[in-house]
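Working notes for the structure below.
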There are 2 protein chains.
Amino acid sequence: MRAEALKGHLDGLLLATLEDGPLHGYAVKEALREVTGGRIDLPTGTVYPALHRLEGAGLISGAWGVANGRRRRTYRLTEAGHAALSGERAGWQEFATAVTFALKARPWPATP
Amino acid sequence: MRAEALKGHLDGLLLATLEDGPLHGYAVKEALREVTGGRIDLPTGTVYPALHRLEGAGLISGAWGVANGRRRRTYRLTEAGHAALSGERAGWQEFATAVTFALKARPWPATP
DNA sequence: CCTCATAGGTAGTAACGCTATATCGGGCCT
DNA sequence: AGGCCCGATATAGCGTTACTACCTATGAGG
């Protein structure tokens, strides 16, 4: 998949992955890769800054913990994060429908 | 629609709009707006640089003409542009399917 | 011991689309 | 005639975004 294709949609994917429960950064990356059958395989250099950004925006909250003697930063969705995810989903639907249609180059169906 | 959502998918939309026949820049913008019922309404400052970029990449070719005493640059798809459009369509399908699925947070269907 | 997978992170970069602004011709209104 | 809006083209500068390339560290397996 083209690398730059994600632009503007990454946040929603990360939020959706965290919706089912808290995960640490690497687990988010792995979950997304598995759920999409390898189609979306984000480099770690994309995931961690994005999570920091989302945390800074208050959409997720991270906490340091320890598992197997290793420190891990586990993130969970905040209230604002849940709301943002809804918005991302709606926005994606609208966007995807519009692009799919435009790529077909047919007139938009009448909505009376 | 969120402004930055387009990133990475603009080229395909422009190429698709030019598929039905040559158009000048402003007409591309208008056609895209009408075909999507106003959902994709690109600012001219987005359209013109993008067309220049596509021309530089050899995907479209532009020619100056005159209509109503005014100079207009009309673009048409090149061979490479037709090929690129096919690629963009396939890429979009793949991408849209993956994102739609990931946003639902369900396991990817088995593909045996 | 060394490598690999796991895990977290930063710096720097390039691309992309946006805002803002400028220009020009023609038509419309006063 | 003068002023204004619309159609049409264009550029400069900006902020965001995701990427590549690195760095650090630990536990497991060869």
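Throughout, a chain's letter reflects where its sequence line sits, starting with A, and its residues are numbered from 1.
At a threshold of 4.0 angstrom between heavy atoms, the contacts of B/G25 are confined to the sugar-phosphate backbone, with no base atom among them.
Across the protein-nucleic acid pair, A/L54 atom CG and C/dG8 atom P stand 15 Å apart, rounded to whole Å. Between the NE2 atom of A/H52 and the C1' atom of D/dT16 there is a distance of 18 Å, given to the nearest Å. In this structure, NE2 of B/H9 is placed 18 Å from P of C/dA15, rounded to the nearest angstrom. The distance between atom CG of B/L42 and atom P of D/dA8, rounded to the nearest whole Å, is 16 Å. If you measure from atom CZ of B/R73 to atom C1' of D/dA10, you get 12 Å, rounded to the nearest angstrom. As a whole-Å value, the separation of B/W64 CH2 from C/dC24 P is 13 Å. C/dT6 atom P lies 18 Å from atom CZ of A/R71, rounded to whole Å. Atom NZ of B/K29 is separated from atom C1' of C/dG17 by 14 Å (rounded to the nearest Å).
Nearest approach of A/L32 to B/A102, heavy atoms of both residues: CD1-CB, 4.0 Å.
A donor-acceptor contact shorter than 3.5 Å is absent between the side chain of B/R33 and the backbone of B/R39. Remark: the backbone N or O of A/L23 is not paired with any side-chain donor or acceptor of A/T74 at under 3.5 angstrom.
Closest contact between the side chain of A/T46 and the listed nucleotides C/dA15, D/dT20, C/dG9 involves D/dT20.
Using a 4.0 Å cut-off, no side-chain N or O of B/R72 falls inside it from OP1 or OP2 of C/dG25. Between C/dG9 and A/Y48, no contact under 4.0 Å exists linking OP1 or OP2 to a side-chain N or O. Side-chain N/O atoms of A/Y26 include one lying less than 4.0 angstrom from OP1 or OP2 on C/dT6. For the OP1/OP2 pair of C/dG17 and a distance below 4.0 Å, the side-chain nitrogens and oxygens of B/R53 include at least one atom meeting the criterion.
The base of D/dT26 lies close enough to the side chain of A/R70 for a donor and an acceptor atom to sit less than 3.5 Å apart.
Aromatic rings from A/F101 and B/W92 are positioned such that their centres are separated by 6.0 Å or more.
Ring-plane geometry between A/H9 and B/H9 is classed as tilted, the angle between the planes lying from 30 to 60 degrees on a 0 to 90 degree scale.
Taking the nucleotide of DNA chain D with the nearest heavy atom to each of A/L10 and A/T44, the more 5' of the two is matched to A/L10.
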